[in-house]
Amino acid sequence: MKSLVIIVVSAGLAALIPFVGSEYALSFTVQLFVFVALAYSWNLIGGYAGYTHFGQVAFFGVGAYTGALLMNAGVHWLLAAAGAGVSGALLALPLGGAMLRVKGPFFAIGMFGMARVCESFALGFDGITQGGTGLYLTPVTDLKPLFFVLWAIAFGMVALTWKLDNSRLGIQLLAIREDETAADALGIRTTRLKIGTFVASAIAPAAVGSLYATYLSFIDPATAFAPMTELTTIAMVLLGGMGTTFGPLVGAVVMSVVNELLWSRFPEIYLALVGAVILAVVLFMPRGIVSFAMRRAWWWVPAARSSLRRLASRPTPSRSPKEAH
Amino acid sequence: MPVFELLIAGILLGGLYALMACGLNLVFGVMRIINFAHGDLLAVGALTTVSIVTGLHLPFFVAIVVVPLLTAALGLAMQVLVLRRLADGPMIMSLLATFALSTILVNLSILIWGGGYRGLPGVLGGSVHLLGQDVALSRLVAFLVAMAVTLLVWWFLQSTRFGRAIRSVSQAPELAVINGISIDAVRNVTFALGAAMAGLAGVLLAPTFASDPQLGARFGIKAFAVIIVGGMGSYPGAMAAALLLGVLEVFGGYWFGQVIGSAMLFLVMLVVLLVRPRGLLGMGVRA
């Protein structure tokens with residue numbers, strides 16, 4: 001219940017920004033939503049299923065290019081984003097089937113390499129992608145429609161994660177994270193679940209990639225497949241709390257604000273400072289803000305898996321003596 | 001098609017990859033850490049070399065001696081200040097940490113050296129006639145030094161007492177501790193050694209390739225492909241895979257162009273991951 005209130009209130013407050021905030025606030029929030037969607041998608045596969053995914057930016061970039069090419073062919077930006085989401089799923093399905101068979105460092109390097117392959121292809125097939133020059137799109141005049149689409153995706157992902165956190169599916173994913181062999185032995189269809197989660201975690205990044213291209217009205221390989229996007233996303237999830245409902249949201253907001261401050265104060269060494277901030281998070285806050293707050297049990301912090309906890313604490317109907325025999 | 005010429009070019013390139021990848025593999029072996037910053041140590045090495053030769057007007061061999069020491073110190077600092085605390089934790093932490101360190105190194109390098117490309121004109125210029133081919137002197141020297149050092153380190157691992165300690169920590173850390181080996185000391189030395197090898201690779205490629213702060217992203221990540229193909233934790237595997245991938249990249253570049261040629265390394269890596277995850281000569285590392 002508490003969780004639902006938090007989701008509705010934060011979504012409502014965020015929706016007010018275009019009406020009360022400045023142009024700057026609007027464009028800051030657009031970028032924040034992009035990262036919220038990325039962070040929640042990463043949380044599905046990295047936080048819940050426990051696969052260290054270092055290639056999410058591949059889907060972001062492929063989505064950005066798919067969307068940009070569709071828009072240049074005359075498709076409306078909203079349809080282009082949907083098309084990009086489909087392209088992400090279509091890429092993730094075979095890739096997940098292949099890559100999820102390897103674990104740990106192998107999966108991490110494999111996906112990292114995959115993102116680099118996609119970047120090389122974007123550079124190499126310059127007949128289609130214009131190579132390093134990049135693709136230019138018609139600039140958007142009004143940011144508001146874009147804002148609300150991203151708002152819907154971002155808070156859609158939050159709501160989805162809240163549902164997942166309170167479901168059998170979520171518990172099954174956590175079981176895979178803790179011990180995949182044991183989960184398999186308990187009858188959880190690990191392969192199917194992992195691939196499904198992987199595909200689900202690829203759709204939003206691809207769609208958001210296309211929307212980001214719309215926002216910039218430009219895309220090139222360095223922007224689409226930036227390792228910095230990957231690093232920031234994962235750091236946001238870590239800072240907020242991996243495998244929690246609100247962790248990615250908290251992490252994304254805190255990290256975006258910190259990054260924005262650093263950017264305005266120290267533009268020359270901004271990226272190095274972001275690296276240092278991430279290092280500090282890894283060293284000093286590895287369990288995340290939300291997990292920290294949960295341990296302290298502050299009243300406004302919702303417990304994880306609240307509905308399931310209520311279910312489990314229900315008094316069990318007493319067994320009849322017959323059944324005992 | 002000039003098969004023989006391409007083959008030689010590929011082997012010469014592979015020698016540099018061997019030096020780079022063996023360092024990365026050593027670090028992975030004893031620490032179970034994938035060092036994303038390895039390539040950036042290489043970039044720092046290359047750029048420092050340019051500064052030493054064109055800025056300070058010192059001879060090239062000074063860089064061969066000084067730069068590996070410098071990157072070793074840098075690597076040791078990374079290890080002592082950051083990675084030591086994360087080595088036994090979840091893998092995601094150390095991965096993120098080295099990724100962040102890589103970002104810091106790249107951007108500090110941009111601050112120090114600027115974002116542009118820097119070459120070393122006149123160093124090891126000219127070519128030698130070898131096996132009926134004209135081979136650029138800079139490439140030949142780079143190959144010979146890289147292979148010599150790679151083999152020297154292999155000898156060190158196989159035949160010295162400390163080398164045996166490194167291998168035992170790599171293969172069975174618990175047993176190593178029981179036998180009185182100081183894991184911390186082994187890890188520090190190995191990390192410094194790996195960083196020195198990256199730095200030396202940087203020195204050696206500076207005369208041939210244009211160096212810039214992003215060099216690590218372009219060059220260093222090929223070392224990942226090499227250690228996956230050769231087998232994580234396997235030293236001879238990395239050497240063999242480096243030569244193989246060097247040849248493959250040169251042929252791929254000849255057929256499909258430079259960009260797709262480098263992408264081919266990763267495609268080969270992905271295939272190996274799927275077909276034989278422990279690599280050609282891998283020891284079946286426990287993740």
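Keep in mind that what you see is a predicted model, and the values were worked out from it rather than measured.
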- [ ] Side chain from CB out, backbone as N, CA, C, O: work out which of these in B/Ile92 comes under 4.5 Å of a heavy atom of chain A, or both, or neither.
- [x] both
TODO: Check the side chains of A/Tyr48 and A/Asp165 for a donor-acceptor pair under 3.5 angstrom, ignoring hydrogens and angles.
DONE: yes
Task: Contacting region of A/Tyr270 [heavy-atom separation from chain B under 4.5 Å] - done: neither
Task: A/Thr181 and A/Asp184: side chain donor to acceptor below 3.5 Å - done: no
Task: When A/Leu123, A/Ile234, A/Val117, A/Leu271 are compared by non-hydrogen pairs under 4.5 Å with chain B, the top option - done: A/Leu271
Task: Aromatic ring pairing A/Phe198/A/His53, orientation class (parallel under 30°, perpendicular over 60°, tilted between) - done: tilted
Task: N/O donor-acceptor pair under 3.5 Å between B/Arg32 side chain and B/Ser170 backbone - done: yes
Task: side-chain contact (heavy atoms from CB on, under 4.5 Å) assessment of B/Leu248 paired with B/Leu244 - done: CA-CA 6 Å; B/Leu248 211 63; B/Leu244 185 71; 5.7 Å; no
Open item on the list: Please classify the contact between A/Leu273 and chain B as side chain, backbone, both or neither, with a heavy-atom cut-off of under 4.5 Å.
Closed with: neither
TODO: State whether the side chain of B/Thr98 and the backbone N or O of B/Phe36 hold a donor-acceptor pair below 3.5 Å, judged by distance alone.
DONE: yes
TODO: Select one option (side chain, backbone, both, neither) describing which atoms of A/Ala108 are under 4.5 Å from chain B's heavy atoms.
DONE: side chain
Task: Which atoms of B/Leu86 approach chain A - backbone, side chain, both or neither, heavy atom under 4.5 Å - done: side chain
- [ ] Would you please go through residues 245-267 of chain A and name the residues with a non-hydrogen atom below 4.5 Å from one of chain B, in numerical order?
- [x] none
Task: Per-residue contact mode, B/Met93 against chain A (heavy atom under 4.5 angstrom) - done: both
Open item on the list: Test your reading of the model: is there a side-chain donor-acceptor pair from A/Glu230 to the backbone of A/Gln56, 3.5 Å cut-off?
Closed with: yes
Open item on the list: Given heavy-atom pairs under 4.5 angstrom as the criterion, report whether the side chain, backbone, both or neither of B/Ile228 touches chain A.
Closed with: side chain
TODO: Could you look at A/Phe107 and say if it's the side chain, the backbone, both or neither that has a heavy atom under 4.5 Å from chain B?
DONE: neither
Open item on the list: Need one label for B/Ile34: side chain, backbone, both or neither, based on atoms under 4.5 Å from any heavy atom in chain A.
Closed with: side chain
- [ ] Measure A/Met242 against the heavy atoms of chain B and call it side chain, backbone, both or neither at under 4.5 Å.
- [x] side chain
Open item on the list: Quick check on the interface: out of A/Val277, A/Val102, A/Leu283, who has the most heavy-atom pairs with chain B under 4.5 Å?
Closed with: A/Leu283
Open item on the list: For a side-chain contact (heavy atoms from CB on, under 4.5 Å) check, start with the C-alpha distance between A/Tyr51 and A/Glu180, then their side-chain angles and the critical distance, and finish with the verdict.
Closed with: CA-CA 11 Å; A/Tyr51 271 74; A/Glu180 195 165 332; 2.7 Å; yes
TODO: Look at the side chain of A/Thr229 and the backbone N and O of A/Phe225, then say whether any donor-acceptor pair between them is shorter than 3.5 Å.
DONE: no
- [ ] May I ask you to name which of A/Val274, A/Leu231, A/Ile269, A/Thr52 has the most heavy-atom pairs under 4.5 Å with chain B?
- [x] A/Leu231
TODO: Could you tell me whether the side chain of B/Lys222 and the main chain of B/Leu265 form a donor-acceptor pair under 3.5 Å?
DONE: no
Open item on the list: Closer than 3.5 angstrom, by distance alone: can the side chain of B/Arg85 be matched with the main-chain N or O of B/Leu81 as a donor-acceptor pair?
Closed with: yes
TODO: Say whether, by atom type as modelled, one donor and one acceptor occur between the side chain of B/Arg276 and the main chain of B/Leu273 under 3.5 angstrom.
DONE: no
TODO: Kindly indicate whether a cation-pi arrangement holds for A/Arg116 with A/Phe112, taking the cut-offs as under 6.0 Å to the six-membered ring centre and within 45° of the axis.
DONE: yes
Task: Residue A/Val282 versus chain B: region with a heavy atom under 4.5 Å - done: both
